[in-house]
Amino acid sequence: MSKHPRVSKLFQKELVAEAFKHSFVKLNPAAMIKNPVMFVVELGTVIMLVMSFYLLAKPDAVQGSFGYNLAITMVLFITVLFANFAEALAEARGKAQAETLRRTRQETPANVLMPGGELKKVMSSELKKGDVFVTAAGEIIATDGEIIEGIATIDESAITGESAPVIREAGGDRSGVTGGTKVLTDFIKVQVTTEKGESFLDKMITLVEGAKRQKTPNEIALTILLSGFTLMFLIVTVTLEPFGRFANTPIAIASLISLFVCLIPTTIGGLLSAIGIAGMDRALRANIIAKSGRAVETAGDIDTLLLDKTGTITIGNRKATNFYNVNGMPDSDFIKYCVLSSIADETPEGKSILELAKKSNIEVNLSDHKDDTFIKFTAQTRMSGLDTKNGLSVRKGSIDTIRDLVQSGGKSIPVNMQKIVAEIASNGGTPLAVAVNGEAAGVIQLEDIIKTGIQERFERLRKMGVKTVMVTGDNPLTAKFIAGKAGVDDFIAEAKPEDKMNYIKTEQRSGKLVAMMGDGTNDAPALAQADVGVAMNSGTQAAKEAGNMVDLDNDPTKLIEVVEIGKQLLITRGALTTFSIANDVAKYFAIVPALFIASIPELQALNIMGLVSPQSAILSAVIFNAIIIPILIPLALKGVAYRPLGAESLLARNLLIYGLGGVIVPFAGIKLIDVLLTIFNLV
Amino acid sequence: MEFLYSAIIILVTILLAVPLGRYVSKVFKGEKTLLDFFEPIEKLIFKVSGVNPLSEMDWKQNLKALLTINLVWFIWIMFVLLTQTWHPFWNPDNILSMEPTQAFNTAVSFVTNTNLQHYSGETGASYFTQLLALAFLQFVSAGTGIAALALLFKGLANKSTRNLGNFYYHLVRACTRILLPLSIVLAVVLLLNQTPMTFKGSETIVTLQGDTVSVARGPVAAMVAIKQLGTNGGGFFGPNSTHPFENPNGITNAAENAAILLIPIAMVFALGYYLNRKKLSYIIIAVMTAGYLMLLIPTIVQETGGNPKITQMGITQPQGSMEGKEAGFGPVLSALWSISTTVTSNGSVNSMHDSFTALSGAFQMMGMQLNAFYGGVGVGFINMFIFMIIAVFISGLMVGRTPEFLGKKIEVREVKIAILVALLHPLLILGGTALASHTWMITENPGEVLKWLNNPGFHGFSEMLYEFTSAAANNGSGFEGLGDNTPFWNISAGIAMLLGRYIPIIGPIMIAGLLSQKKYIPESAGTLKLDSGMFGVMLFAVILIVGALLFIPALVLGPVSEYLTI
């Protein structure tokens, strides 16, 4: 599902070796008890071991031979090991992934600014929260922080894999820097924002480490369900002992324990924590740092997705594509006014106006306007401009703001200009108006380019039942055009930060779960309010603290991937639970006749698999039960393939594969093992 | 002919259940109905008992009310049974007080809507007991189940509120608006077909042979009507509806059989009307009916096939297996009744279950062990609800969302309660049978000392298994070969009935209370819809694998081995 380059092979040699070692370490009962299903298997192994040696001393025809009992003991032991191995491998992969990220933050010296103003070299591991250090061109940023002074181009390829440098600057919404990235130009002052060992990456690592890992709510609920099933089958097996005696068919301890272990959901029990860890690992591979496992799970439940138009739905920023002069002045004058009014507009749109003007060979010499007053563009005024000392006043801004300006001078927008504005808007462009000395002069057309393939992604989300909402600063007409073209379900036009917040609250009031992505300090409250808030790594510290995930790639489409990772996690759990329980049907047919066949030969009628002997039947069933765990490890780690289908077709599909498959596969598997055991004369 | 007759009974019952379900939903919601003329009686009852029927209670308060009033009834019935010798009136045959453990068993049995009868009505209970204790409990214990269901419905319909309504309100109205009117109709049908209704004692008659015989009679029609409608099953006479006074002819047989199934099915339709999710009720009815037919059809096949032992003797049995059956009803209608009565936790019989062919016994037991194919009045859907929670949880995961039940999230607490309730049934049935088997095996010369079993082989095992199954499922029928009127069975079956009744009510009401407080999540394309055919399939699979599979080893040792070795 991911297009990320860092997908490693499932069974890497060194990871497997480490996992193998850890599967023994994890045998410690104190650790095992966290997984009740496998804990009782371990307990059964111990009982069988004692039983085997007891039989060595005192043979008992009912209990079977020492060899047979020891064989069962070994198979049970291996079952536990396989389960531990699955968890250990998932952990090892997660840690390896985190390690590659951490490697980027080797010990780096930092020039810390001391209170007296002098610089002191401090190693990155000794930096404390609140320290301020300076980094110049060519140096590596020592640790995560926020720029408090300066602007710089930074190469973040070590983290994101993206080779194009990015610009980070103080004060704005792009003030966050990551340890291990390299400053290419200029000079910045950075304040350390996290205590050592508490960075997001450190938090993520604890999420994939077994010992410290907290189970997510859904995982706890499933563990309870599985423990309940285990208790049910405990009742079934324990009561069989007196039943057997009553029917004059004493049952061997080995058979009872084998039946018990086969019936309890060991497959899902053994793979459950591996599935959870692998889910976190998949998030990490997509360069998303989740602050909790719960956040990833919640992502699968998202009903509403708030997506910023820019960067998600459209490529980059809007660009100026046309000048419409309405006032009758020469076109070159009009373009010049456009340029003058946009010089103080630092937004990409503003810059694109200068670029377009350059194509018409119109440029303005800044030194001509040294003493003039530039009016900076701000999100509040939504207008920029210039007042010269000889009385010229040029303004550029949204249609509304310019209209207000013009009308306040008692004038109005000419009809032909209104027509142009309407035409641009209805074609999905954004019109900007220019006023000269309080009189409407003309229109600049800005246009969006919608990303290819984005319609299909939204269609996919719709099939999952996720509503997409486009957030944009555009006017409603433009927003509607783009929303329709991109295929989103709803849009928020002329959005201010509080609009996002209100939209989230409204959705949540009707019971929906909302996800959003943001970067600015403005976004922080909404990020905190959203059920899943993904902050961009380039965003401000406030935004990163408020969200529950951080995206290292700063890629707004990542939200869609997050939803799929969450869903895949739950589906994998459900599918393997179903598979595990469905397996019981075949195991019953293998073991139940075998238990009583000695005294009730007629039960041969139930031995529909035609297993050779009671002992081989029981052994085959426990062996199948053990080896199915490693066979399913790849599925647990990679996750069940997710398809964007409606809930009903998805259930039908998974029920067919894992439910019906779970009924059929063990019949074949147990029979095959029975045949092999017979061929090699093992029973 | 009998097949067609059976099919008509089932079909007509389901069709009658639709309008009844709609009516029940109105009763639950307190909407206007045709029977509002009962209101003064209800008001009087509330006034006398000092209950404000309109005060809303949360799940804890409601459960407290339910358990308290059940305890009061238990004490009342114990008192009546232990003092029969001194009953002032309605005891023309001078029946004596009950032995204490038997009285305990009987009291529990009637409070829990089980009606497992370790006594014989005509010799063990006075008319006073029959009417004022037993028949009264047959109304109110059924009413308790229905009222509990009304609380559950409210919990499912609620959005972020705590109150589930008022248990007393529903209890009284379940009796006056649902059970009483239907019982009157059924009793009239029975009366028209010569079922006796008298307070005179046994009549002595002289037969054609010249023997003097004492014929037991009494106020039969009234009790038989509620015994069938309220899934009680406790008959006036020991032989229950095999007795010609309880079930005189084909018409009463059909009417009583339909009455067994009617209210349990209507309750599911009521769910559809109450929540305005008719399709959901159709899916549940389909799952229940599939399970019912899955047990019924092979039973009919087994019974019409005849007794294999007799076949081995070279004797043809054109009528099928007739041992323990009424000549007039035959194997098909007996099979129909036996599965109807076991799936619904009714427990009345029109033939002797102990005498059915071996595998039929397994199907009867399976019906009780699952206890959710229609099930008891009120509690039938409550049992199904637990299976639904488990099915929703697993299938919810499979569609990639935190599982939701009708817009409410199923989380740790709900799963915990559901699985504990689901554990209870195997614990009581298998644990109880294990205890009995063990006791039998450690007793020297058990046939003489314990005297439970006449045939201790596979069939004896089935008899013990059946008794605990019937007690835990609050069914009340028995494999009557078991000598069950002993302290061991009176007490152990009594405990099984108590736990088997109240825990499956307490758990689901708790879940309903928890769900009631949760935020409602609107459905989207990604939500698993419970009223889809696919969920029906999933639910059925969960019932079979989580419910039925647990009992397979025990059934293999009992009926299946008996079948294979015969």
Side-chain angles (χ1 to χ4, degrees), chain A residues 217-218 220-222 224-225 228-229 231-233 235-236 238-240 242-247 297 300-301 303 462-467 510-512 566-568 570-571 573-575 577-578 581-582 584-585 588 592 595-596 600 602-603 605-606 642 646-648 650-652 654-655 658-659, chain B residues 390 393-402 407 410-412 414-416 418-420 422-423 426-427 430-431 433-435 437-438 440-441 456-458 460-461 519-529 532-535 537-538 541 545-546 549-550 552-554 556-557 560-561 564-565:
Chain A
N218 177 269
I220 294 172
L222 185 55
I224 288 171
L225 188 78
F229 287 152
L231 279 175
M232 279 181 187
F233 290 114
I235 294 169
V236 171
V238 167
T239 55
L240 260 186
F243 291 176
R245 273 188 288 134
F246 185 88
E297 242 169 41
D301 289 348
D303 299 293
R462 195 165 302 117
K463 280 190 185 144
M464 289 183 217
V466 179
K467 174 179 162 191
S510 68
K512 292 182 177 168
K567 284 199 181 291
Q568 203 186 18
L570 294 184
I571 293 176
R573 277 187 199 141
T577 304
T578 306
I581 297 170
D584 279 3
V585 176
Y588 262 115
V592 171
L595 293 179
F596 308 118
I600 316 170
E602 290 84 356
L603 285 179
L606 295 184
Y642 178 73
E648 199 175 341
L650 204 57
L651 178 63
N654 287 330
L655 209 50
Y658 299 99
Chain B
I390 295 174
F393 187 80
I394 298 175
S395 47
L397 289 182
M398 274 200 288
V399 303
R401 278 175 75 95
T402 304
I410 301 295
E411 289 163 301
V412 175
E414 293 80 23
V415 170
K416 202 182 278 176
I419 198 74
L420 282 177
L423 265 173
L427 179 69
L430 299 176
T433 312
L435 182 69
S437 306
H438 180 72
W440 183 268
M441 291 313 286
F458 302 128
F461 181 77
K519 217 160 59 168
Y520 176 79
I521 306 156
E523 276 179 11
S524 75
T527 315
L528 174 69
K529 288 180 186 56
S532 67
M534 219 45 235
F535 179 72
V537 172
M538 178 74 194
I545 292 187
V546 176
L549 224 48
L550 301 176
I552 294 289
V556 164
L557 273 184
V560 176
S561 289
L564 289 172
T565 52

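Contacts between B:Thr402 and chain A at a heavy-atom distance below 4.5 Å involve backbone atoms as well as side-chain atoms. Both the backbone and the side chain of A:Val236 have a heavy atom closer than 4.5 Å to some heavy atom of chain B. For A:Leu595, no part lies near chain B; criterion is any non-hydrogen pair under 4.5 Å. When heavy atoms are compared at a cutoff of 4.5 Å, A:Ile224 approaches chain B by way of both its backbone and its side chain. Using a 4.5 Å cut-off between heavy atoms, B:Lys519 contacts chain A through its side chain alone, with no backbone atom that close. Contacts between A:Tyr588 and chain B at a heavy-atom distance below 4.5 Å involve the side chain alone, from C-beta outward.
With rounding to the nearest 0.5 angstrom, the CG atom of A:Leu651 is 7.0 Å from the OG atom of B:Ser532. B:Leu549 CG to A:Asp584 CG: the interatomic distance, rounded to the nearest 0.5 Å, is 6.0 Å.
Side-chain atoms of A:Leu655 and B:Met534, non-hydrogen and from C-beta on, do get closer than 4.5 Å to each other.
Between B:Thr527 and A:Ala647, the shortest heavy-atom distance links the atoms O-CB, 3.1 Å.
When B:Val412, B:Val546, B:Leu397, B:Ile419 are each tested for a side chain to side chain contact (heavy atoms under 4.5 Å, CB included) with A:Leu225, only one passes: B:Ile419.
Most heavy-atom pairs under 4.5 Å with chain B: of the set A:Ala582, A:Gly646, A:Ala605, A:Ser510, this distinction falls to A:Ser510.
Using cut-offs of 30° and 60° for the angle between ring planes, the B:Phe461 and A:Phe246 rings count as tilted.
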